[in-house]
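Notes to accompany the following structure.
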Amino acid sequence: IKITAIDIDVPIAHGPAFEGEAIRKADMFVEFGGGRSPACELVKMVPAEEVTDGKIEVIGPDVDQMEEGKAYPLGILIKVYGRKFQEDFEPVLERRVHYYFNYGEGVWHMGQRDQNWARISKAAREKGVTLKDIGKILYAYYKKEYAAIVDRLEVQFMTDASEVEKLLKEAREKYQKRDDRLKNLRDDAVDVFYTCTLCQSFAPTHICFVSPERTGLCGAVSWLDAKATYEIDPTGVCQPVPITSEYVIDPVKGEWSSLNEEAAARTQGKTTSVCMYTMMDRPMTTCGCCECILAVVPECNGIMVTTREHKGDTPVGMTFSTLAGMVGGGNQTPGFIGVGRLYLVSRKFLPADGGIGRLVWMPKELKEQLRDQLNERGKEEGFGDNFADMIADETIGVTADEILPYLEEKGHPALKMDPLM
Ligand code: SF4
Ligand code: ZN
């Protein structure tokens, strides 16, 4: 095991070697977020005078005042000042929370933004670990890996419910602002897509291609973020790949020779061709941190979506975790694919497979989150004003037989499309 040499005064070991460890419920001391309590994380650029370099603060109870087995609210706020720092870099550093948090032995982190989820193990608790220690780890790795752009950095953990609510409000406005900047960018209007291979530490054959209309499957790396990542670190995980006309192999499926070559070069020849716009033929690889998993429901001639948050069964007879175990190791699995939530309402949502009109089932929570955008996209595609309500959810049924009569009654567009397989 390669343990990094940086020296931090904390009672647990740390480094990329601990990234892969999971913490089962039975081994858990406390947890945060994951749908069990409010949580979010935010990296924020601030003026020099608003940040004290190296300050780590816990607002509310720390781990030593927590009760075993419980879920506590958690807000993670990282304030950054740097002469060369730009607002565009915020989401890039924010994604690193996931990695540096996981570097701690006996601490675990999943997800991003306000969909994050973290655990501290009983073993780490026995060693005396606190949130303050985790803050020290985050601080040290940020300062080490982003020395070129970060002059001052401060970490705040909030476990006080009302503080977390306040941060959530601010963070959601920020997330919205970032998403809005992307809204007017189109795949057809740019000359490059970007790779992201950050997840190769978990899934060595995995590579995301990030385009303006398709954010990475973790939901945390947009095309603008990938571009910023490349600007910060020109030899890093995000590399531009030209997609101009001379590289096009199949414009419908979204196959480019340049993407194929890049995939092969960056996966040791394991993934040699990839189609951006279909899940039926050499789809993009899926790693374990996807927000959603799509699967074909042949009986309905459509596609279902489930989310990490949805624990229940789905019309393909598998839960999210079963599906993730099947497709999430960095493989290409035709008929299944991991995606980010917002990709579902992208104009480039699997156009070669029929696009958004194929969506026949999703968890109600996801449908409510995306309702306005689903309806807007449905209208553009000519499915009337209320496409969201044509899509079945767990309250309608969780098998193809249960949802088919509903789709028929609503006149769902998938039923009239060409056979998917
Ligand atoms: Fe990058 Fe994809 Fe991993 Fe997100 S899921 S961090 S885009 S490799
Ligand atoms: Zn991943």
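Whatever order the structure lists ligands and atoms in, that order sets their numbers, starting from 1.
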Per-residue contact class, Cys290 against ligand 1 - non-hydrogen pairs under 4.0 Å: neither

Does Ala220 come within less than 4.0 Å of ligand 1, judged by its heavy atoms? no

If we number the atoms of ligand 1 from 1 as shown, the ones under 4.0 Å from a heavy atom of Cys289 are 5 (S)

What closest approach, in Å, do Lys367 and Ala388 show between heavy atoms, and which atom pair accounts for it? CD-O, 3.2 Å

Considering heavy atoms of the protein only, find what lies nearest to atom 4 (Fe) of ligand 1 and give residue, atom and distance to 0.1 Å. Cys218 SG, 2.3 Å

Check whether Asp393 reaches the backbone of Met362 with its side chain - one donor and one acceptor, N or O, closer than 3.5 Å. no

Can you figure out which of Val221, Thr229, Val237, Leu198 has its heavy atom closest to atom 7 (S) of ligand 1? Val221

Which of the numbered atoms in ligand 1 are under 4.0 angstrom from any heavy atom belonging to Cys287? 5 (S)

Can the ring centroids of Phe101 and Trp108 be said to lie less than 6.0 angstrom from one another? no

Would you say that more than 12 heavy atoms from the other residues, nucleotides or ligands in this model lie under 6.0 Å from the NZ of Lys122, or not? yes

Could you list which atoms of ligand 1 come closer than 4.0 Å to a heavy atom of Gly216? 7 (S)

Spell out, as yes or no, whether a donor-acceptor pair under 3.5 Å connects the side chain of Gln112 to the backbone of Cys218. yes

Sidechain N-carboxylate O distance under 4.0 Å for Lys253, Asp281: yes

Looking only at protein heavy atoms, identify the closest one to atom 2 (Fe) of ligand 1 and say how far it is in Å. Cys208 SG, 2.4 Å

Examine Lys348 relative to Tyr277 and say whether NZ or CZ is less than 6.0 Å from the centre of the six-membered ring and inside a 45° cone about the ring axis. yes

The closest protein heavy-atom partner of atom 6 (S) of ligand 1 is Arg95 NE, 3.6 Å

Counting backbone and side chain alike, does Cys196 bring an N/O/S atom below 2.8 Å of atom 1 (Fe) of ligand 1? yes

Counting from 1, what ligand 1 atoms have a heavy atom of Leu217 closer than 4.0 Å? 5 (S)

Do Ser222 and Asp225 have side-chain N/O donor and acceptor atoms under 3.5 Å apart? yes

Is a donor on one side and an acceptor on the other found under 3.5 Å between the side chain of Thr285 and the backbone of Gly330? no

Atom 3 (Fe) of ligand 1 reached by Cys199 (N, O or S, under 2.8 Å): yes

Hey, is His206 one of the residues with a heavy atom under 4.0 angstrom from ligand 1? yes

